[in-house]
Amino acid sequence: MPMEKTFTPAEAEARISALWEEQKVGRAGANKKPGRPAFSVMIPPPNVTGSLHMGHAFNNTLQDILIRWHRMQGDDTLWQVGTDHAGIATQMVVERQLAETQQPGRREMGREAFLAKVWEWKAQSGDTIITQLKRLGASCDWDREAFTMSGNFPDAVVKVFVDMYNKGLIYRGKRLVNWDPHFETAISDLEVENVEVAGHMWHFKYRLAGGETYEYVEKDDTGAVILREMRDYISIATTRPETMLGDGAVAVHPSDARYAPIVGKMVHLPLCDRLIPIITDDYPDPAFGSGAVKITGAHDFNDYAVAKRHNLPCYRLMDTRAQMRADGAPYEAAVARAREIAAGSATSESEVDALNLVPEKYRGLDRLEARARVVADITAAGLAVTVLVREIDEETGSEHLRLEPVVETKKIMQPFGDRSKVVIEPMLTDQWFVDTAKIVGPALEAVRSGATKIMPESGEKTYFHWLENIEPWCISRQLWWGHQIPVWYGPRIRDKTDDTLKVAGIGWSENRQFIENDLQPFCAPSVEEALKLAKAYYGFEVVEAASLFESVLKSATPNSGISIFRDPDVLDTWFSSGLWPIGTLGWPDQTPELKTYFPTSTLITGSDIIFFWVARMMMMQIAVLDQTLPLEKRVPFKTVYLHGLVRDAKGKKMSKSLGNVIDPLDIIDEFGADALRFANAAMATLGGTLKLDTGRIAGYRNFGTKLWNACRFAEMNGVWEGHQTQTTPPAATQTANLWIIGETAKTLTEVNEALATYRFDTAADALYKFVWGRVCDWYVEFAKPLFDGDHAAETRQTMAWVLDQCMILLHPIMPFITEELWSTTAQGGIARANLLVHQDWPSYGPDLINPQADAEMTWVTTLIDEVRSARAQVHVPVGLKVDIVATSLSDQARQAWTRNAALIHRLARIDSFTEGPVPKGAISLAAPGATFAIPLAGLIDIAEEKSRLSKVMDKLAKEIGGLQGRLNNPNFAASAPEEVIVEARTNLSLRQDEAAKITAALARLAEIA
RNA sequence: GGGCGGUUAGCUCAGCGGUAGAGCACUACGUUGACAUCGUAGUGGCCACUGGUUCGAUCCCAGUACCGCCCACCA
C-alpha cells in the first residue's frame, strides 16, 4: 500500500502512543547498554488539579527530548513522573465542587469525611494531566507514577520532619505571619503577591495626656523655620486606620528635633480609653509623613519588629477571617487589664493574645467596614487632621465653611494571596518554621562549587540573592488536605515532685489558637512513639485524644488521665515536593533506584518556581541525606535548566481573563504533537520569554510533511525495497552521495553538541536546515537523474540510509512522525529490528565527511544557483531549456562539471553544454575556475543584462573595497592572526577574479550595443 | 528602592570580535518524475543611542534612553 500524501497526526499519534505504552518503552533502563551512565530526570510534579497548559507542554517537551536522546544512546534512563497533592489548590477545588453540588461543606462533614471526598475526587480526576502528557508523546516510566501523598511519601515526609525537629532545624513559635483570611491559613512569604493598588492615607491627632502642650517647629532643608505653633497632639499618618485600636506606642526617630520635647510622654489613643507612650526608634523616617508612626505590633511587619525591640504588647484585633474580633471579655474589662499591663503588671504572651481591645461597636465588623467607621468616629471626635472647605448650598446660595479630614490618595503595595486573591493580613499566630538559616549554607555551596549547575547563569544570581537573604519558612498550614504535622501536645508540667504532678490548665480560644506556653510538644513519626515520649515526660501512661477540646476534658484530673492530641495543621505542599527526587526513588529506604538514579541528572523547570521548589529541594535534601556523604552525592540534581514563561504571540501572559490562552491540546489536534514539540524546541533559547506563535507551529507541521514526502518519493523510487537498517552508510562513489553522507555526519555532530549544552533551539535549527535545506532541496533533486543512471543502486542505498538518519536524529524532537515513518518505510522490505524509540543513536564522526565531494558539491550548487538567478533576472521562462558555453574552464572545474553534468543539466535546465568562445548575445556567469555564457540571441534584453551584471559588480566592488581596506592597513597585518589575514587575501583574490570576468562580460555587452 | 534581563529585516527570534542570519509576512514567476502543508527567484537592516577598548565592535567595557521580569516593610 503506497504511502498517503501526508501524515495524519490525529490517527497515528493515538495508535503510536498505545503501542509505546503497551511496550513500556519508557520504563527505567529501557534500551540501556553496558558501560553507559545513568540519566535521570524528575518531572516537576504537576498539581493533581491541573490540566495541561502551554508551560507544561514546553517543559515536558524538553525533558522528553533529553530522555529520548539519552535512551537512544543506551544510557540507563529514568524519567520519573507523578503529581503533587497541592494542598490549597486541591482543597479549594473540592470545596467548590461540594458547594456546586449542594453537598455539606467541609466543616459540616468534618475532617475525616472531607478527606475521603478529596481522595474520591483524586481517584476520578487526578490523572487528567497524566493522560494529557501522553498525548504530548512524553516517554515517562508510567509504572512508577508517584504522588506526594501516596506510597512511601508520607513516611519520608514524616521522617524528615522528625529528623529536622530533633536537630533543631524546625521550631514552633508565635510570629507575625502572612494570613489568608479566605482559606484561614498561614501562608509563606512566597505565596504572597504584592500588587500596587490605589490606597488612602489619613492623618490623625493623638492628644498628649493631661492636656500638655509643646512648641512644634518645622524647618525646611536650609534650616529656616517654616512653621512654629503650639500643639497638644502628635500627628500620625496611616493607611490602615482600623489597626490603630491595637496601637502600643507612637514612634519617632531619635534625631527628630520636632518631637524631642515630647519623647517619653503619653498620648491618648483615639476612640480607646488607653494611653500609649511616645518612643524613639530608628525605624521612622523623619522625612516621610509627619515623621511619627503608630506602632501596631500585631498587624504590621515593621511595627512588629519595633514592638519586639521595645517590649510593647501586640494586641491582636482580628479573627481568622480578618473581621474585628468579637471574642473574649467585654471591652471595658479588657481595656482595664491592658491599663494594668501598661502600668507594669506581670502578664504573658498568651494573656495579651487573649485580650480583645476592640471596642464593642466595632466588634464583628469586616476590616474595611471597621476602617470607615474608625475614620468617621475620629473625625467626629475632632481628632482628624482637617482642611477647611468652602461649600455652597445650591438651594439657598449661601456659603459656609466646613472641616474635612485630609485624605491623601496614594499608591500602596498591597499583599494578596496567590491562590485566594484576597488581601493578606499580617497575623500573630503560632506556626511551625524551618530555620532556613541553618540549612542554607550547603545549598549555596553546592552551586558555588559547581556540584549543581544552574542554567542560564543569571538563574544562579537569582538563586544566590534569595538564599543569601533567606527568611524563616513558615511550613504549617491550617488546612486539612496535606501531610498532618507529626507532633502531639499535652499539658506542660508546672511542678513535679515525687508524689505530685501539676500540669498547666489548658484553655482554648474560639479561633483554635493554642495557648502555646502551656503546651508540651511530642514530635514523633507515629502516635505510638509520641505516647512513649509523653509517658517518659509525665511518668505514667497517657492516651491520645482526638482534639484539643477532648484533650482538655480528659485532662481534667491533674495526676491521671492525661491525654495528648495531634497538631491538626498540615505541612506546606512545598515541604513535601521539596523531597520529590529522593521521595520518588524510595527514600528513606536505600533502594537500588536511589543508588542508580540519584543525584538526578537534569531538572527542567520554569524560572518562576526557583524559590518555591528548586532552592527548597536543594536545602532540604542536602540537609536530610547522610551527612557523611560528599556534597556532590547529596545534591538532588547536577544541572538545573530554567526556562521562562510561555506567553502569547504578542508576549502577553496567557490568562483566562485576557482570553488569549492557547490550549496545547487544541494545538495538538490541529497541527499534531510533533509540530508543537518542534516549535517548543526551537523556542528554547537560553533566557528571555517564550512567545508562542501558531504560525510557527504550522511551519513545523509543514516541516514534518516535507520529510514525509521525501520518504514517499523514496518509496516511489524503490528505495525501501529490501532495505535493512544500516548503522554505517553504503560505500558510495558519486559525489552527491558522498556529499550528503558527509552532511549527515555534520548534522549528527551539531545535534549532539547542541543537546549536550541544552541548546534545543540549535539542535532544532540544525535538523531543520539539514532535512529541508540539504536533503530535500538538493539531495532529492540530485537523486532524480542518478536514479536513471548507472549508479541507481548506490543512490537508493544512500538515500535509504540518509532518510533513516533523518528519522533517528529527529526522533527525540518529533517522535510520532518519525516512529510512523520508521515502520511505514520498512513495509516493503525487512521489518525493523526495533521501534525507533529504541533504535541506537548513531556514533559516526567527521570521517564520513569527504572534503573533495564537499568542495565539488559547493561548486555545483553555487553554479546552479547562479544560472537560476541569472535566468530569472532576464526572464527566461522556467520551462525553456538553454544551452551553456564554457568560455574558460580550469581542469578542476571541468572535472566537477563532467562528474555532475546530469545534475547540473537537470537543475539548471540546460539543454547542451559546449566549450568555446563567447557567443554573441549571451549572458555571462562566473564560477570559481570557470566562466560561462548562455547564448540567448533574441531572447535577452541587453539593458536588463547590463543592469544585472552591474548589480553583481556593485556587490563585488563593495566586498573588494572592504577587504582591500583591511589588507592595506599596516596595523591589520601587524596585529591580526595569520589565518584571518590569509582568509582575507584568498577572499580578495577570488572576488577580484570574479570581478574581472564580470567586467569582461560588461565590456562585451558594450560592444554589442 | 534593590536585583536581573532585553533593544538585530514589517513580525517572532538566532548570532555575540573578522564582509549581517532563519522562519513567518511581502513581491514576481511556476501543473518541473515527493511535497501547493510546495518550488524558483527576489524585496527588506546606520544590529536603540553616546562614548571607550581594539588593526577591526552588532558582539567587549562605561554611560543614556526606552521596554520587560523578579524581589522589597516606607507608616
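Letters go in sequence order (proteins before strands), and every chain restarts at 1.
A:K784 forms a cation-pi arrangement with A:F713, by the criterion of a distance under 6.0 Å to the ring centre and an angle within 45° of the ring axis.
Phosphate proximity of B:C38 to A:K706: absent, as no side-chain N or O sits under 4.0 Å from OP1 or OP2. Considering only side-chain N and O atoms, A:Q873 lies under 4.0 angstrom from the phosphate OP1 or OP2 of B:G42. OP1 and OP2 of B:A34 both lie 4.0 Å or more from every side-chain N or O belonging to A:N717. Note on A:K691: every side-chain N or O is 4.0 Å or more away from OP1 and OP2 of B:C11. Residue A:R871 places no side-chain N or O under 4.0 Å from the OP1 or OP2 atom of B:G42.
Within 4.0 Å (heavy atoms only), A:R701 reaches at least one base atom of the nucleic acid.
B:C49 sits 11 Å from B:U7 when the C1' atoms are compared, rounded to a whole Å.
For A:E408 and A:H203, the side-chain atoms include at least one donor-acceptor pair closer than 3.5 Å.
The base of B:C55 is not paired with the side chain of A:N969 by any donor and acceptor separated by under 3.5 Å. Checked by distance alone, A:R909 brings no side-chain donor or acceptor within 3.5 Å of a matching partner on the base of B:U40.
When the nucleotides B:U19, B:C35, B:C38 are ranked by their closest atom to the side chain of A:N702, B:C38 comes out on top.
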